[in-house]
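Numbered from 1 within each chain, the chains take letters A, B, ... in sequence-line order. Just so it is clear, the model here is predicted, and its values are computed rather than measured.
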Protein chains: 2
Amino acid sequence: MNTLSFHPLSGIPDVTTGCCLPQLLWDALAVSEVTPQPGDILVVTHKILSKAAGQVRNLSAVTPSEQAYAIAERVGKDPRLTEVILSCADTVYACDRGILIAERRDGWICCNAGVDASNAGGRDTVVLLPEDCDTQARDISRSLTAQCGFPIPVVICDTHGRALRSGTVGVAVGCFGLDPIRRYTGAADRDGRQLVSTQEAVADEIAGAATLVMGQGSEGIPAVLVRGFAPSFLETDAADLRLPKERQLYQIQGEAFSKK
Amino acid sequence: MNTLSFHPLSGIPDVTTGCCLPQLLWDALAVSEVTPQPGDILVVTHKILSKAAGQVRNLSAVTPSEQAYAIAERVGKDPRLTEVILSCADTVYACDRGILIAERRDGWICCNAGVDASNAGGRDTVVLLPEDCDTQARDISRSLTAQCGFPIPVVICDTHGRALRSGTVGVAVGCFGLDPIRRYTGAADRDGRQLVSTQEAVADEIAGAATLVMGQGSEGIPAVLVRGFAPSFLETDAADLRLPKERQLYQIQGEAFSKK
């Protein structure tokens, strides 16, 4: 493999409801120091997708349900934020110390159902994780592909905590145009030994390094062009990254609440 | 942030017991297409550390204990491999379908205690995860620093599965010379809102992208030079990446066996 590089796209203005995101990204690519080439991948943070789609809530306008109050009191959390999380989730696990782990309707299991207050656009504002990251990845990919004349796969990233390790890392919560898993089944290692089950979550590794470039503070870099991985173009989404329940080796501690 | 790039170091010969790894890596850097610069980080797969240190076992020479036979039968696994895993672990969780999750004496919790058969150097051979990845990272870093005249932080990587997501990703199992966590506490986002708890596991994100470049088949790229992240040089190790038990939100399914 050649050098793998991650190029920040700067100059993307603050995204607000109704922005045409594919056009904003194309404009940013056009003025960036790196011109797209065949094999490049674009990583976009979920946050600007949500903002463009109006998936933003002002907590001062939220009226918590009784269930939200009960769960919020259990873990010591803002009941209004808890209400927003419940609106995105089928099941919430109350894990103590202000932490809710939620299973969203689209199958992602993550802290606060992906609801996030940082860089939300205001002090009492939160941004939801889009419900259709794969579809939005597809729309951006198709738009950029039409402009470039060659396919540009797109990965949508968020930052998630992990079961056994400290800190968060960037992961893929949506993609289009590449297989999120690199499968070694049938391939041989250097000893000629067949690899049986090796599957590498390449979309997550790409999202993680793009997150390094984006930062999580005031950097203002919501998109990163990735060069050097050059995946085969496939009309796939990120669903294969969700581990089916029957294969889970870990269970979430804490009480499970189904949405009333 | 500028462009972040991952440069494969090729030309590293097969590593065998007694090899001087820092010298091999320095030689590879000297002939590579990229000359080290201040701010660069070197990522090295744990496997060549183990091979250099003779941390390799031939299963035909292993006599399983009664406990290894019992656990192996429970999950359908080779009793000899189970014995090797037990030799590296304090506690093993039997999780069904051939899967053991093990807590190693050094605190890492991972599948098979990090014992790995791929690219082990022979069909009946397995490679252990080194017990002292941080120390080895420090030794390599100090050696390269002495050669270069400026500090080169080192990250030791392995590939791990995740609790809720399919596939494996590269993670840091040792490091020296950089803080493995980027802490945003006290920093402000774009709205001027203080970030309270954001902590990014940057060493894991670096290890993940380096693993993309290394591959897991017959690629033969055990080291990757990372340019563009340029961390402050700190004499830290990877311990902060291990989530303390009292902060765990997930528990391992399956029966726990303590080593007899």
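If you measure heavy-atom distances from B:S118 to chain A, the contacts under 4.5 Å come from both the backbone and the side chain. Contacts of A:L164 with chain B are made by both backbone and side-chain atoms, with heavy-atom separations under 4.5 Å. For A:T168, the parts lying near chain B are the backbone and the side chain together; criterion is any non-hydrogen pair under 4.5 Å. Looking at B:A117, both its backbone and its side chain come within 4.5 Å of chain A, counting heavy atoms on both sides. Looking at B:I99, the atoms closer than 4.5 Å to chain A (heavy atoms on both sides) all sit in the side chain, from C-beta outward. With a threshold of 4.5 angstrom between heavy atoms, B:R97 approaches chain A through side-chain atoms but not through N, CA, C or O. Heavy atoms of B:I101 lying under 4.5 Å from chain A belong exclusively to its side chain.
For the set B:T211, B:D240, B:I109, B:D14, the entry with the most heavy-atom pairs within less than 4.5 Å of chain A is B:T211. Between chain A and the options B:T159, B:V224, B:N119, the largest number of non-hydrogen pairs under 4.5 Å is found for B:N119. Of the listed residues B:S10, B:G254, B:P180, B:A172, the one with more heavy-atom pairs under 4.5 angstrom with chain A than any other is B:A172. Counting heavy-atom pairs closer than 4.5 Å to chain B, the top-ranked of the candidates A:R162, A:R242, A:K245 is A:R162. The most heavy-atom pairs under 4.5 Å with chain A, out of B:Q248, B:H7, B:Q253, come from B:Q253. Among the candidates B:A207, B:A210, B:A201, B:G215, the residue making the largest number of heavy-atom pairs closer than 4.5 Å to chain A is B:A201. Note on B:V202, B:I181, B:V171: by heavy-atom pairs under 4.5 Å with chain A, the leading option is B:V171.
Between B:Y250 and A:A163, the closest heavy-atom pair is CD1-CA, 3.5 Å. A:A209 and B:L4 get closest at one heavy-atom pair: O-CD2, 3.9 Å. Nearest heavy-atom pair, A:S5 versus B:T3, reported as atom, atom and distance to 0.1 Å: CB-CG2, 4.1 Å. Across A:N2 and B:V213, no two heavy atoms sit closer than the pair O-CG1, 4.5 Å. Between A:C95 and B:L249 the shortest heavy-atom distance is CB-CD2, 3.7 Å.
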Starting from the C-alpha separation in whole Å, work towards a yes-or-no answer on side-chain contact (heavy atoms from CB on, under 4.5 Å) for A:F229 and B:L212.
CA-CA 8 Å; A:F229 185 63; B:L212 267 178; 3.5 Å; yes
Run the numbers on A:S166 and B:R247 for side-chain contact (heavy atoms from CB on, under 4.5 Å), then give the verdict.
CA-CA 9 Å; A:S166 294; B:R247 289 177 52 211; 4.3 Å; yes
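Interatomic distance, SG of B:C110 versus CZ of A:R165, reported as 9.0 Å (0.5 Å rounding).
A donor-acceptor pair is defined here as one N or O able to donate and one able to accept, closer than 3.5 Å; such a pair exists between the side chain of A:E205 and the backbone of B:G170.
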